[in-house]
2 protein chains.
Amino acid sequence: MVKPPKENFPITEHLTYLLAQANREINRQLETRLSKEGVPVEQWRILKVLSDGNGHSMGELADAVLLNHPTLTKMIDRMVSDALVYRLQDPKDRRKVLMFVSDRGKALCRRLNSLAVSQEEHIVESYGDKSTNELKRLLGSLIGSAT
Amino acid sequence: MVKPPKENFPITEHLTYLLAQANREINRQLETRLSKEGVPVEQWRILKVLSDGNGHSMGELADAVLLNHPTLTKMIDRMVSDALVYRLQDPKDRRKVLMFVSDRGKALCRRLNSLAVSQEEHIVESYGDKSTNELKRLLGSLIGSAT
DNA sequence: TTGAAAATATTGAATATTCAACAATTGAAG
DNA sequence: CTTCAATTGTTGAATATTCAATATTTTCAA
């Protein structure tokens with residue numbers, strides 16, 4: 001059996017496309033769930049990262065939540081207005097700003113977590129536990145290798 | 001061995017996050033390659049879908065290239081200016097517009113395909129053929145099941 | 001056949017993101 | 001010490017995306 005050269009692959013055979021498509025669908029599903037709390041997916045990520053209680057600099061946070069710096073700055077501005085998070089200057093390095101969750105933010109984060117977990121459980125139901133775990137494993141190692 | 005409840009999962013354990021992260025990285029890599037031709041990833045997708053030579057309506061195309069309608073309309077406007085694609089009214093249903101690639105678009109598409117293929121080959125090199133194929137398979141079936 | 005509802009694509013205003021320039025602070029070489 | 005380069009975060013302008021409203025054509029029921 002001879003495969004066609006990759007140049008003629010339909011776009012749906014490309015890894016980059018499959019990733020984009022899967023990401024789009026899963027993200028849409030989650031977005032729909034989180035809309036119950038009126039919060040975009042990125043804010044859930046931010047709250048979740050900050051929930052370890054340690055202060056995180058804007059740079060760290062931007063990397064962790066997959067946003068670039070200016071976008072993060074503006075989203076944080078909104079979240080500060082909503083009293084979900086607050087800024088403190090880092091005493092060790094006064095260029096940095098450390099971000100923290102407020103109590104209100106923590107409470108919201110708990111509600112968002114449970115919505116997100118319920119989504120993931122729903123996926124596991126229709127897609128299977130084994131496939132889900134295998135997919136997670138492969139994605140994790142792809143990310144590691146793609147540096 | 002007892003697992004922690006999913007509510008306390010770090011965000012990096014969530015399927016939605018792993019997908020977003022992997023998609024971001026792979027997409028960035030591809031974007032970098034395609035920048036040699038000064039073209040965004042979405043335009044490669046559009047050209048590739050239209051390369052079957054059949055006319056595709058805006059609706060079909062939007063679904064296929066993972067863009068929503070107004071965004072696609074505006075991107076197509078640019079591509080028409082660049083003489084990469086052209087519009088024809090569908091004679092069977094005059095609500096529809098059928099999109100076609102120009103010769104110039106076809107030539108560009110060939111160059112873009114080879115850049116994209118070389119990226120994918122690079123991934124296969126560091127990540128392995130087996131993992132790549134298994135990941136593709138799992139993504140494909142996730143998309144199927146996630147309807 | 002007519003008229004209302006659905007489907008398709010585009011537009012413009014509102015919103016969000018990105019790019020490049022900036023300000024503030026730190027680090028480090030001379 | 002002093003100065004210059006690097007790091008960090010924010011801002012404003014330019015760009016892109018989205019939402020809601022529109023125009024056009026088709027479908028279908030009465």
Side-chain angles (χ1 to χ4, degrees), chain A residues 20-21 23-25 27-32 34-35 38-46 49-50 54-82 84-100, chain B residues 20-21 23-25 27-32 34-35 38-46 49-50 54-82 84-100:
Chain A
Q21 190 180 17
N23 180 49
R24 187 178 156 97
E25 282 199 18
N27 210 55
R28 284 243 176 107
Q29 282 182 16
L30 181 58
E31 194 176 50
T32 302
L34 299 192
S35 72
V39 163
V41 175
E42 290 78 12
Q43 290 198 15
W44 169 59
R45 292 198 198 125
I46 292 170
V49 169
L50 296 184
N54 305 322
H56 292 264
S57 75
M58 291 297 280
E60 267 176 32
L61 195 53
D63 288 347
V65 304
L66 314 176
L67 292 175
N68 30 18
H69 293 211
T71 305
L72 179 64
T73 293
K74 285 154 193 171
M75 185 161 283
I76 289 288
D77 287 346
R78 274 168 294 200
M79 294 176 78
V80 169
S81 298
D82 294 344
L84 297 172
V85 300
Y86 57 93
R87 288 183 237 243
L88 290 180
Q89 197 178 44
D90 185 344
K92 312 282 182 203
D93 181 344
R94 291 174 18 257
R95 287 170 301 183
K96 294 187 184 174
V97 168
L98 297 181
M99 297 301 314
F100 297 89
Chain B
Q21 191 181 15
N23 179 50
R24 186 177 157 98
E25 281 198 19
N27 210 55
R28 283 243 176 105
Q29 281 182 17
L30 181 57
E31 194 176 51
T32 302
L34 299 193
S35 72
V39 163
V41 176
E42 289 79 12
Q43 291 198 15
W44 170 59
R45 292 197 199 129
I46 292 171
V49 169
L50 296 184
N54 306 322
H56 292 265
S57 74
M58 292 296 281
E60 268 175 34
L61 194 52
D63 288 347
V65 303
L66 314 175
L67 291 176
N68 30 16
H69 294 211
T71 305
L72 178 63
T73 292
K74 285 153 192 170
M75 184 161 283
I76 289 287
D77 287 346
R78 275 167 289 194
M79 295 176 78
V80 169
S81 298
D82 295 343
L84 298 171
V85 299
Y86 57 92
R87 290 183 235 242
L88 290 180
Q89 197 179 44
D90 185 344
K92 312 282 183 203
D93 181 343
R94 290 169 24 251
R95 288 171 301 183
K96 293 187 185 175
V97 169
L98 296 182
M99 297 302 314
F100 297 89

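Values below: every heavy atom of this structure, side chains too, minus hydrogens, waters and symmetry copies. A note on names: the letters A, B, ... follow the listed sequences, proteins ahead of strands, and every chain is numbered from 1.
Taking atom CD on B:E42 and atom C1' on D:dT18, their separation rounds to 15 Å, with Å as the unit. At whole-Å resolution of the value, NZ in B:K92 and P in C:dT8 are 17 Å apart. Rounded to whole Å, the distance from CG on A:L66 to C1' on C:dT17 is 15 Å. For the pair A:Q89 CD and C:dA23 P, the computed distance is 18 Å after rounding to whole Å. In this structure, B:R78 places its CZ atom 17 Å from P of D:dA14, rounding to the nearest Å. In this structure, the CG atom of B:L67 is 8 Å from the P atom of D:dT17, given to the nearest Å. Taking atom CG of residue B:L88 and atom C1' of nucleotide C:dA9, one finds them 15 Å apart after rounding to whole Å. Between B:N68 atom CG and C:dA9 atom P the separation is 14 Å, expressed in whole Å.
Here the straight-line distance linking atom CE of A:M75 with atom CZ of A:R45 works out to 9.5 Å at 0.5 Å rounding. With rounding to the nearest 0.5 angstrom, the NE2 atom of A:H69 is 12.0 Å from the CD1 atom of A:I76. Taking CG from B:N54 and CD from B:E60, the interatomic distance works out to 9.0 Å, rounded to the nearest 0.5 Å.
A pairwise comparison of heavy atoms in B:L67 and B:E42 identifies CD2-CG, 3.8 Å as the closest pair.
When the side-chain nitrogen and oxygen atoms of A:R94 are compared with OP1 and OP2 of C:dT26, one or more of them lie within a distance under 4.0 Å.
Side-chain contact between A:L98 and A:S57 is present, with heavy atoms from C-beta onward closer than 4.5 Å. Two residues are said to be in side-chain contact when any heavy atoms from C-beta on lie closer than 4.5 Å; B:Q21 and A:L66 meet this criterion.
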Classify every nucleotide of nucleotides 7-12 of chain D by which part a protein heavy atom approaches to under 4.0 Å, writing B for the base, S for the sugar-phosphate alone and - for neither, in 5'-to-3' order.
BSSBBB
